[in-house]
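Okay, structure first, notes after.
The sequence lines fix the lettering, A, B, ..., with proteins before strands; numbering per chain opens at 1.
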Number of protein chains: 2
Amino acid sequence: MIQIHSEPRRNLAHEIASQMRRDIISGVFKPGEALAEPALAGRFGVSRAPVREAMIELERAGLVQFKTTGRTRVRMLEEKDVVEIVEARIALESMGARLAAARWTDEDTRWIERSIAAQEKAASGVKFSGLDIAMHEYIMKRGGNERLSTLWQFVRWQFEMALTHIHHLQGKMAPNLRRFSVEGHRKVLTALAARRPETAAKVIAQHIKDSIEWYAPETPKRLPSSSIKLSK
Amino acid sequence: MIQIHSEPRRNLAHEIASQMRRDIISGVFKPGEALAEPALAGRFGVSRAPVREAMIELERAGLVQFKTTGRTRVRMLEEKDVVEIVEARIALESMGARLAAARWTDEDTRWIERSIAAQEKAASGVKFSGLDIAMHEYIMKRGGNERLSTLWQFVRWQFEMALTHIHHLQGKMAPNLRRFSVEGHRKVLTALAARRPETAAKVIAQHIKDSIEWYAPETPKRLPSSSIKLSK
DNA sequence: TTTTTGCAAAGTGTCGACAGTATTGCCCGT
DNA sequence: ACGGGCAATACTGTCGACACTTTGCAAAAA
């Protein structure tokens, strides 16, 4: 998969933003934790300027929050945030799958099949999650709408952060989740390979919604129940 | 409608970003035009630091682009960009309307009715566009998903920029567009007032898709035709 | 002991500077 | 007249500094 996207400028700020993003997602920095510029500048061995720019980037991506006083902290997550993130994923990925279905090729099918095979053999839950997200990313990119993919990236990072920090998302039913999730992926692939945009949109929406309920069965349901019914 | 959103930090950078956003949308700066930091710093009577930060914000919003060398220019728009923007709007607003329908109140209905009345009396095309966008914004906010609204803002600005710069979007059929558009808004309101999430989602998607074709009948259609059929 | 006041420490917002690099335009060779 | 190369120009990326504001803590008052 070739990335033609507008190359980000290659500077310290971008480097730091990427590293900080990884660290926030993986939990090195915890939600609510203060991110002071001088401290981070020291950590990275640079001055405050690039750190400051990186913070702006992360704020735009929703991983950190600015207080009105200017202080920066890692964004905090509650149940409601998980709901919002999932709703946003459904909105974006439905359209992504719809567009992808219309342009789907056999090579795409093979890519997804390989991914699913790897998912089944994934040794750890973390490894599985990585493959899972990568597959969703592939479909989004295949939709061919660069803006949609960009917006999706923001949500994706927030989703990954939520997986790390909303602890009951890590809970007991990992094995079942994985089996269930792979099954969902197969359904998505079927719709895409059949080049049925509407079906693909509905199936992937249902898959995302179901997944999160496997992760967190008690997540308050805000989506009107009719919204993702697989009617017909 | 009260905005609880995380307050942006109130500094020069943010001020400049807002002003620049307005200027880019309204065409003071034209697509492709170079935006050099020293020149902008002079224009605003500040140093380069806040200008630089503002540029990062605008890049995130998709209004400007960084070249790999670091130079900044106003993002350029082609036909394909209009398609992308509209697809993104449909993705986000469908979900927004779906969520809004489930929480819709009579007061919301009255707000929209007033908006529609104003739209009918709008003196100019520009005035009408403003009311149009404001109504869509209201619905997005009423969806109650802060992330969805934030993502939508990005697309909204790009859409407004496209309206300004894709010249044939300004074309001949403004009066018909307006009449047609108001009709679409009435259908959306009906679905929302009836609190039918699925109907609202489909109607607003259809409305957006139709609108852009009134603006630009020759816009290449990439959305699979089945995607927004109002079946049933 | 609890609350208030005041002060020191720490952090942000903005600036000007400087080295390195891309761009522009001029001059020269053809 | 025209294209290529080179010098002058302009801009970016990063830094350190400084003023102002917020925060945290400790001492003083209730």
Open item on the list: If I compare all heavy atoms of A:Ala200 with all of A:Leu192, which pair ends up nearest, and what's the gap?
Closed with: CB-CD2, 3.9 Å
Task: Considering all heavy atoms, the nearest A:Met76-A:Gln65 contact - done: N-OE1, 4.3 Å
Open item on the list: So for atom CD, which belongs to A:Gln153, do other residues, nucleotides or ligands contribute more than 12 heavy atoms lying within a distance under 6.0 Å?
Closed with: yes
Task: Atom CD of B:Gln19: over 12 foreign heavy atoms under 6.0 Å - done: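 For B:Gln19, atom CD is crowded (more than 12 foreign heavy atoms under 6.0 Å).
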Between [N] ([atom2]) and [X] ([atom1]): distance, integer Å:
X: B:Phe66; N: D:dT12; atom1: CZ; atom2: P; answer: 10 Å
X: B:Glu59; N: D:dG13; atom1: CD; atom2: P; answer: 12 Å
X: A:Glu53; N: D:dC15; atom1: CD; atom2: C1'; answer: 12 Å
X: B:Met55; N: D:dT12; atom1: CE; atom2: C1'; answer: 14 Å
X: B:Asn11; N: C:dG11; atom1: CG; atom2: P; answer: 19 Å
X: B:Leu40; N: C:dC15; atom1: CG; atom2: P; answer: 14 Å
X: B:Glu37; N: D:dT14; atom1: CD; atom2: C1'; answer: 12 Å
X: A:Phe44; N: D:dG13; atom1: CZ; atom2: C1'; answer: 17 Å

- [ ] Calculate, to the nearest 0.5 Å, the distance between atoms CD and CE belonging to B:Glu37 and B:Met55 respectively.
- [x] 7.5 Å
Open item on the list: Of the listed nucleotides (D:dC11, D:dC15, C:dC15), which one gets closest to any side-chain atom of B:Pro38?
Closed with: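 Per side-chain heavy atoms of B:Pro38, the pick is D:dC11.
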- [ ] Scan A:Ile25, A:Asp81, A:Leu63 and name whichever one has a side-chain contact (heavy atoms from CB on, under 4.5 Å) with A:Gln158.
- [x]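 Testing A:Gln158 for a side-chain contact (heavy atoms from CB on, under 4.5 Å) against A:Ile25, A:Asp81, A:Leu63 leaves exactly one candidate, A:Leu63.
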Produce the list of close N/O pairs, under 3.5 Å, pairing protein atoms with atoms of nucleotides 16-26 of chain C; give distances to one decimal.
unit_1	atom_1	unit_2	atom_2	d
C:dT23	OP1	B:Lys67	NZ	3.3

